[in-house]
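Below you'll find the structure, written out as structure tokens, and then a few comments.
Note that this is a predicted model, so its numbers are computed, not measured. Keep in mind that the numbers below use all heavy atoms, side chains included, and drop hydrogens, waters and symmetry copies.
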Amino acid sequence: MLVYLVNIFAVCVWAMIFCTGKKHIAKRTIFVLICFAQCVLIAGNRYGIGADYGMYASGFFDMARTGFEELSYEDWEIGFILLNKIVGKFTAWTSVFIMVSSVLSLIGPFYLIWRYSSGPFLSVFMFLNLYLFYLDLNYIRQGIAMSIMCFAYGFLRDKKFWRFLLVTAIAATFHLTVLYMIPVFIVALLKIRPQSMLLYLFGLLFYYILSDGVLNILLSKFHTEYAGSVFIESGVYFYYALFPLLLCAGMVVLSFYLKEIPRSLNVLMHMTLMMGFWQIVMTKHSLFERFSYYTMLFVILAVPEALKAFRSQLKDNLREKYLRQMGSDAEGSRALTRRVYSKTFTIMGFVYTAVMLLALAYNLVGLIIPESGVHGVLPYQTQNRMNIPNIDWFFKR
């Protein structure tokens, strides 16, 4: 656990150095690069970390031996099989494959935050605390598929369907569940209104009524290995959904507070609401946890974008309020500017602190309550068995 906490602490330190003062593209690039370099070192040097580590390690060893004459392995997708084969052509060391897959899993989130985030520090902070980094240590195929989808965000925002579809098709060669993002594109075209909120509520209602019957039909034809399994018969603990659902509630409130919602925030609000939808769904059938992560990935952009919009609207509202109190002759006065700035700074400081503390608490819940941590990331070990102090016992006693 110490490794993950030190990683978060280091990100906060880099933020104080590179994310304060005048904004500059070089500072932004260095900050995001350093943060993800740390993540690559942690992910790429791991050994036995992640519930699926053993499956992927043995799969790589098997595929590295057979070469390109055999292009199938269990139910794995062709893109991931080819990745195994290509790496296996040069080396049979599992450690090399883990490093390569870690780079591929993290390069997409790096690009997403560097290119599109209105608050890089908060985006990195959310990435580390929303279990997205832990997913990359466990669901390797899905982690790479999600990484590829990061390059599709611009097409989603700008309504370029065919380009979005092309990126999605490439990502599907690593994990077919990413095809779920195609209907997501269509839903994201809708403007956020009270009616669109009802769409999600009706979806949840029909899901709870029909899910068992629909799943039985689907699993009788596809992925029959899941039929009757724990992934269908039981759900994920509800505490995993608490913080994501708080973010959803915040987005709903914000949608009523803002006078105008820009296209980028409209899309990101849909991503947050869809994440919340699947967070509730997975409390009944844990199999659907995977769908939640595709939209959760874009929540790391949604949170700083939403706070930026809230800050702007808050300043406008405070300015109107104080103008009524001080009189129209106060327009442009220093006293008015100071009052607006002071009140905005206080409120936003409280909101930012609350969001970050809740995110960190959510992270700790995932590390402390499950015996091996969320996604099986505890205790952390390195490839060369480096002796890293283990403080898990302190939290779990």
Side-chain angles (χ1 to χ4, degrees), residues 1-9 38-61 74 94-95 97-99 101-102 105-106 109 126-144 146 175 177 225-226 229-244 278-279 282-293 296-297 358-397:
M1 186 184 299
L2 182 62
V3 169
Y4 308 122
L5 298 182
V6 169
N7 187 38
I8 294 171
F9 176 76
Q38 289 176 181
C39 292
V40 167
L41 287 175
I42 294 171
N45 286 297
R46 74 188 188 276
Y47 176 79
I49 301 301
D52 291 347
Y53 181 95
M55 175 185 72
Y56 284 116
S58 62
F60 169 71
F61 182 74
E74 297 189 2
T94 304
S95 58
F97 175 73
I98 292 297
M99 177 60 76
S101 63
S102 297
S105 295
L106 291 166
M126 298 300 291
F127 177 79
L128 295 177
N129 286 285
L130 277 175
Y131 307 160
L132 292 166
F133 179 51
Y134 303 143
L135 176 145
D136 290 330
L137 306 183
N138 183 24
Y139 297 158
I140 295 179
R141 286 155 52 221
Q142 184 171 356
I144 296 175
M146 289 170 59
H175 210 281
T177 54
E225 71 274 11
Y226 284 117
S229 70
V230 67
F231 299 105
I232 299 299
E233 299 299 324
S234 64
V236 176
Y237 290 118
F238 184 73
Y239 59 75
Y240 283 128
L242 284 177
F243 180 60
W278 290 112
Q279 288 283 317
M282 73 189 198
T283 61
K284 186 178 181 184
H285 301 298
S286 60
L287 179 68
F288 292 107
E289 178 187 15
R290 292 179 179 271
F291 292 104
S292 172
Y293 282 117
M296 183 184 285
L297 179 62
L358 286 170
L360 184 60
Y362 180 69
N363 188 354
L364 291 175
V365 164
L367 291 176
I368 294 171
I369 294 182
E371 184 177 351
S372 299
V374 63
H375 287 294
V377 296
L378 295 177
Y380 181 81
Q381 302 176 76
T382 63
Q383 293 284 353
N384 58 5
R385 310 296 200 280
M386 184 185 298
N387 185 21
I388 297 177
N390 185 349
I391 62 171
D392 303 357
W393 59 271
F394 179 79
F395 291 95
K396 293 177 179 289
R397 64 183 176 181

Within the 4.5 Å heavy-atom criterion, are [X] and [Y] side-chain neighbours or not?
| X | Y | answer |
| --- | --- | --- |
| F127 | D136 | yes |
| I369 | Y239 | yes |
| L367 | V377 | yes |
| Q383 | T94 | no |
| W278 | P244 | no |
| V40 | M99 | yes |
| L5 | L364 | yes |

Smallest separation among heavy atoms of [X] and [Y], with atom names:
| X | Y | result |
| --- | --- | --- |
| I144 | S105 | CG1-OG, 3.6 Å |
| P379 | I49 | O-CD1, 3.0 Å |
| G44 | I98 | O-CG2, 3.8 Å |
| C39 | L128 | SG-CD2, 3.7 Å |
| A43 | F133 | CB-CE1, 4.2 Å |
| L137 | Y4 | CD1-OH, 3.8 Å |

Set of residues satisfying side chain to side chain contact (heavy atoms under 4.5 Å, CB included) with respect to F61, sequence neighbours excluded: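 By the side chain to side chain contact (heavy atoms under 4.5 Å, CB included) rule, F61 matches R65.
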Side chain to side chain contact (heavy atoms under 4.5 Å, CB included) against A359, all qualifying residues, sequence neighbours excluded: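 So A359 forms a side chain to side chain contact (heavy atoms under 4.5 Å, CB included) with F125, M126, N129, F243.
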Between [atom1] of [X] and [atom2] of [Y], what distance do you get to the nearest 0.5 Å?
| X | Y | atom1 | atom2 | result |
| --- | --- | --- | --- | --- |
| T382 | L41 | OG1 | CG | 12.0 Å |
| L378 | E371 | CG | CD | 10.5 Å |
| Y139 | Y56 | OH | OH | 9.0 Å |

Heavy-atom donor-acceptor pair, Q142 side chain to R290 backbone, under 3.5 Å: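 Yes; at least one donor-acceptor contact below 3.5 Å.
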Restricting to side chain to side chain donor-acceptor pair (under 3.5 Å), what partner residues turn up for [X], sequence neighbours left out?
| X | result |
| --- | --- |
| Y293 | E289, H375 |
| T177 | H175, Y294 |
| D52 | none |
| S102 | R46 |

Are [X] and [Y] close enough that a side-chain donor and a side-chain acceptor fall under 3.5 Å?
| X | Y | result |
| --- | --- | --- |
| Q38 | N7 | yes |
| S292 | Q279 | yes |
| Y134 | N363 | yes |

Full working for side chain to side chain contact (heavy atoms under 4.5 Å, CB included) between N45 and Y380: CA-CA 10 Å; N45 286 297; Y380 181 81; 4.2 Å; yes
Pair Y131 and Y362, ring centroids less than 6.0 Å apart: yes
